[in-house]
Amino acid sequence: MIIKAPRGTADILPIEAKRWQYVEDQIKKVCERYHYDEIRTPVFEHTEVFQRGVGDSTDIVQKEMYTFEDRGGRSLTLRPEGTAAVTRAFVQNKLYGDPSQPVKLYYFMPMFRYERPQQGRMRQLNQFGVEVLGSADPAVDAEVIDLAMTCYQELGLRSLKLVINTLGDKESRAAYRQALIDYFAPVKEELCQDCQSRLNQNPMRVLDCKTDRNHPAMENAPSILDYLNEESKQYFEQVKTYLTMMGIAYEVDPNLVRGLDYYNHTAFEIMSEAEGFGAITTLAGGGRYNGLVEELGGPSTPGIGFGMGIERLLMALEAEKKDIPVDESLDCFVVTMGDEAAKQAVLLVHELRTHGIQVDKDYQGRKVKAQFKAADRYKAKYVLVLGDEELEMQVINLKDMDTGDQIQVPLTELAVIMQEKLQGGK
RNA sequence: GCGGUCGUGGCGAAGUGGUUAACGCACCGGAUUGUGGCUCCGGCAUCCGUGGGUUCGAUCCCCACCGAUCGCCCCA
């Protein structure tokens, strides 16, 4: 029985890896323009980072973490999301003391969640994410959202929907929370099993329950927008104003609730509306988390960020039939005839490579014809044919695979000629 | 965690309770001792996800497990 990759994990094979590289490169360019710097944190953290950061009552912490004890008896957890990890690094490394504020970071890191796998939902998933720590300016919220949207747009995605909401500050959020509990308490028994427990742990989640969607109580349920204090309202208005100013279309959904405890004020999600994208439509999600740094032992510091699933991004590109430009060609392939030539080819490719030329040769002991077929398969632009006779005369045949033209050149001049040919825009 | 569907060579895809498991693509070899993309010929699954059961006999029937996939939950 062959060993397979664990459930919910996948190999990214060479062809696929080229698409990943392209996507990552494009996104990194956007990050540079927005002046964000990369950060990388460990794949595992002390379990406490997520318990305190993400919140004990969340699904992630309650049932999705890969938690284990190491040989020293420490409880460690494979990173399920980026924000708490990056914030921990921010606190530990005292980045709040860095003269450059706010600290604007981006990352590409794998995350791990124990869930039932599906397409677009992996146990090891890769996220691109951004975190800005140290500024409570609503313009930063807008910048972060703009950055996310720009990444998608640069890659060619068009069927996108941006949904935003505000959870208000701590005070507003607490007031709203209590209002919900009070409102639903009389009909608690009529709600689904999940909602009955949600009501205590995270009452806002009751609002977007699919099961109880049609319950009469939903209609007149209190809205967060009615419980915002003046400051929170102002903040949200500012964010919206900036988005509008930049021409970024959005929809306000008062029921948008993110599943992580650390969020307050701005929360947003970006979904794909592409045909046939299936039930999983969320491409990215994020929000503001002004209490998190303190929660993790740092000084009071505002923060905002988002996570974007790379697998889902790739799916969205596919759903919108956006081809990713991938260069699969090979500059040069060496075909040999005869034993001596085959041996000399080892040196030949080494020398050409030293001169910066991309070149490969046969290692399967193929016949000449099959070597040419291999060259075609690799989409070789040029083939260098080296036989024992040529070797004797210290020359080599250089064949242009597009035109079929072949010329004979002295071995000593080969590297220079190849460089010229390849630079000629071929 | 719950419910449905599915699992045959590198890929795609037929098929049947009973000696040699179609076909297409890809790959390898030959026709063409040293030059590709076309054509023709030949080769290429001791085996039908894994384990067990039913049966004289199972890839085809049953069960379990594993995996994929769809929906729910949740989210990226």
Side-chain angles (χ1 to χ4, degrees), chain A residues 1-10 13 54 58-64 79-83 108-129 148 192-195 197-198 202 205 208-211 213 256-260 269-272 276-286 305-316 333-338 341-342 362 364-391 396-406:
Chain A
M1 181 52 187
I2 56 162
I3 301 172
K4 297 183 212 164
R7 179 161 217 221
T9 68
L13 300 175
V54 180
T58 61
D59 277 10
I60 288 183
V61 172
Q62 279 190 340
K63 46 192 190 191
E64 294 176 2
R79 176 183 54 216
E81 63 100 49
T83 300
F108 280 92
M109 306 194 292
M111 308 295 167
F112 304 83
R113 295 183 200 171
Y114 190 89
E115 289 193 276
R116 176 127 169 208
Q118 239 178 72
Q119 190 170 81
R121 195 173 72 188
M122 304 292 284
R123 287 183 174 180
Q124 174 173 346
L125 57 119
N126 291 280
Q127 284 191 346
F128 155 63
C192 75
Q193 212 56 37
D194 284 339
C195 282
S197 56
R198 275 182 195 130
N202 195 342
R205 299 259 290 281
D208 60 359
C209 172
K210 305 286 189 295
T211 312
R213 186 198 316 238
L256 172 70
V257 175
R258 312 232 69 243
L260 295 87
E269 239 171 69
I270 300 169
M271 353 240 202
S272 170
F277 198 66
I280 292 172
T281 58
T282 303
L283 296 178
F306 68 80
M308 173 185 292
I310 307 294
E311 287 86 352
R312 288 187 186 179
L313 167 54
L314 258 4
M315 281 170 64
F333 190 83
V334 173
V335 167
T336 63
M337 294 177 290
D362 171 67
Q364 302 305 111
R366 293 188 179 94
K367 300 283 167 49
V368 174
K369 179 169 176 157
Q371 289 185 56
F372 268 93
K373 279 192 163 184
D376 279 327
R377 206 161 36 236
Y378 291 139
K379 297 188 170 65
K381 297 180 185 118
Y382 295 96
V383 161
L384 293 168
V385 187
L386 184 66
D388 289 350
E389 289 170 24
E390 285 82 2
L391 207 52
I396 193 162
N397 295 314
L398 169 56
K399 181 168 186 171
D400 182 318
M401 293 300 273
D402 282 339
T403 64
D405 296 342
Q406 182 169 301

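Here is how names work: the chains are called A, B, and so on, in the same order as the sequence lines, proteins then strands, and each is numbered from 1.
- The same atom, P, is picked in G42(B) and in C65(B); the two are 48 Å apart, to the nearest Å.
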Is there any protein nitrogen or oxygen under 3.5 Å from a nitrogen or oxygen in nucleotides 24-28 of chain B, and what are the pairs?
| residue | atom | partner | partner atom | Å |
| --- | --- | --- | --- | --- |
| C27(B) | OP1 | Arg377(A) | NH1 | 2.9 |
| C28(B) | OP1 | Arg366(A) | NE | 3.0 |

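- Straight-line distance from the CG atom of Leu398(A) to the C1' atom of U35(B): 13 Å, rounded to whole Å.
- Looking only at distances, no side-chain donor or acceptor of Arg79(A) sits under 3.5 Å from a matching main-chain atom of Phe112(A).
- Contact of Asp376(A) with G36(B) (side chain to base): a donor-acceptor pair of N or O atoms is detected under 3.5 Å.
- By the 4.5 Å heavy-atom criterion applied to side chains, Met111(A) and Met122(A) are not counted as neighbours.
- Among the heavy atoms of the strands lying under 4.0 Å from Asn397(A) is at least one base atom, whether or not backbone atoms are also near.
- Residue Phe112(A) contributes atom CZ, which lies 19 Å from atom C1' of C74(B) at whole-angstrom precision.
- No contact: Glu81(A) has no heavy atom under 4.0 Å from any strand.
- Of the candidates A68(B), C70(B), C66(B), the closest approach to any side-chain atom of Lys4(A) belongs to C66(B).
- Separation of atoms CZ (Phe333(A)) and CZ (Arg377(A)) is listed at 8.5 Å; rounding is to 0.5 Å.
- If you check every strand for non-hydrogen atoms under 4.0 Å, Met111(A) touches nothing.
- Judged by distance alone with a 3.5 Å cut-off, no donor-acceptor contact links the side chain of Glu64(A) to the base of G1(B).
- Look at CE on Met308(A): it is 18 Å from P on C75(B), rounded to the nearest Å.
- In this model, a donor atom of one side chain and an acceptor atom of the other lie less than 3.5 Å apart for Glu269(A) and Thr282(A).
- When both distances must be under 3.5 Å, the Watson-Crick or G-U wobble mate of C72(B) is G1(B).
- Here Arg116(A) does not reach the OP1 or OP2 of C73(B): none of its side-chain N or O atoms lies under 4.0 Å away.
- Base contact: Val385(A) has a heavy atom under 4.0 Å from a base atom.
- Counting distance only, with no hydrogens placed and no angle test, the side-chain atoms of Arg121(A) and the base atoms of C70(B) include no donor-acceptor pair under 3.5 Å.
- Distance alone, capped at 3.5 Å, is enough to place a donor-acceptor pair between the Arg123(A) side chain and the Glu115(A) backbone.
- As a whole-Å value, the separation of Phe372(A) CZ from U35(B) C1' is 4 Å.
- Only the C1' atoms considered, G30(B) is 41 Å distant from A68(B), to the nearest whole Å.
- The partner of G29(B), taking Watson-Crick or G-U wobble pairs whose two distances both stay under 3.5 Å, is C41(B).
- Here, G12(B) and G4(B) have their P atoms 26 Å apart, quoted to the whole Å.
- The nearest whole Å value for the distance from the CZ atom in Phe128(A) to the P atom in C75(B) is 21 Å.
- By the side-chain contact (heavy atoms from CB on, under 4.5 Å) test, Met337(A) pairs with Val368(A), Val385(A), sequence neighbours left out.
- Put simply, Gln406(A) has no side-chain N or O that comes within less than 4.0 Å of OP1 or OP2 on U35(B).
- Side-chain proximity of Gln118(A) to the nucleotides C70(B), U35(B), A31(B) is greatest for C70(B).
- Base contact: Glu389(A) has a heavy atom under 4.0 Å from a base atom.
- Nucleic acid contact for Asp59(A): sugar-phosphate only, since backbone atoms but no base atoms lie under 4.0 Å from a heavy atom of the residue.
- Note on Ala284(A): only backbone sugar-phosphate atoms sit closer than 4.0 angstrom, heavy atoms only; bases stay farther off.
- One interatomic measurement links the two molecules: CD1 of Ile60(A) to P of C73(B), which rounds to 17 Å at whole-angstrom precision.
- A distance of 13.0 Å separates OH in Tyr114(A) from NZ in Lys63(A), rounded to the nearest 0.5 Å.
- When the P atom of C74(B) is taken as reference, atom CD of Glu115(A) falls 11 Å away, rounded to whole Å.
- Residue Thr9(A) is the one, among Thr9(A) and Arg113(A), whose nearest nucleotide of RNA chain B lies closer to the 5' end (criterion: closest heavy atom).
- A side-chain donor-acceptor contact under 3.5 Å links Gln371(A) to the backbone of Arg366(A).
- When the P atom is used for both C28(B) and G71(B), the distance is 40 Å, rounded to whole Å.
- Nucleic acid contact class of Leu283(A) (heavy atoms, under 4.0 Å, all strands): sugar-phosphate only.
- Note on Gly82(A): nothing from the nucleic acid sits closer than 4.0 angstrom, heavy atoms only.
- For Thr282(A), taking side-chain heavy atoms from C-beta onward, the closest of the listed nucleotides U32(B), G34(B), C75(B) is C75(B).
- Using a 4.0 Å heavy-atom distance criterion, Gln124(A) is classed as making no nucleic acid contact.
- The line from CD of Gln127(A) to OG1 of Thr83(A) is 8.0 Å long, rounded to the nearest 0.5 Å.
- With both ends at atom P, the span from C61(B) to U16(B) equals 11 Å, rounded to whole Å.
- By the side-chain contact (heavy atoms from CB on, under 4.5 Å) test, Lys379(A) is found to be paired with Glu328(A), Ser329(A), residues two or more places apart in sequence or in another chain being considered.
- Residue whose closest nucleotide on RNA chain B sits further toward the 5' end, between Pro6(A) and Asn126(A): Pro6(A).
- Looking at heavy-atom distances under 4.0 Å, Gly129(A) makes no contact with the nucleic acid at all.
- No engagement by Gly338(A) is indicated, since no non-hydrogen atom pair under 4.0 Å with the nucleic acid exists.
- Taking atom P in both G29(B) and C38(B), one finds a spacing of 16 Å when rounded to whole Å.
- Taking the C1' atom of each, C6(B) and G49(B) are spaced 11 Å apart, rounded to whole Å.
- When the P atom is used for both U20(B) and U46(B), the distance is 14 Å, rounded to whole Å.
- Between the CE atom in Met308(A) and the CG atom in Asn126(A) there is a gap of 13.5 Å [rounded to 0.5 Å].
- Residue Lys367(A) places none of its side-chain N or O atoms closer than 4.0 Å to OP1 or OP2 of U33(B).
- We find that CE of Met271(A) is positioned 14 Å from C1' of C74(B), with the value rounded to whole Å.
- A64(B): Watson-Crick or G-U partner is U50(B), with both key distances under 3.5 Å.
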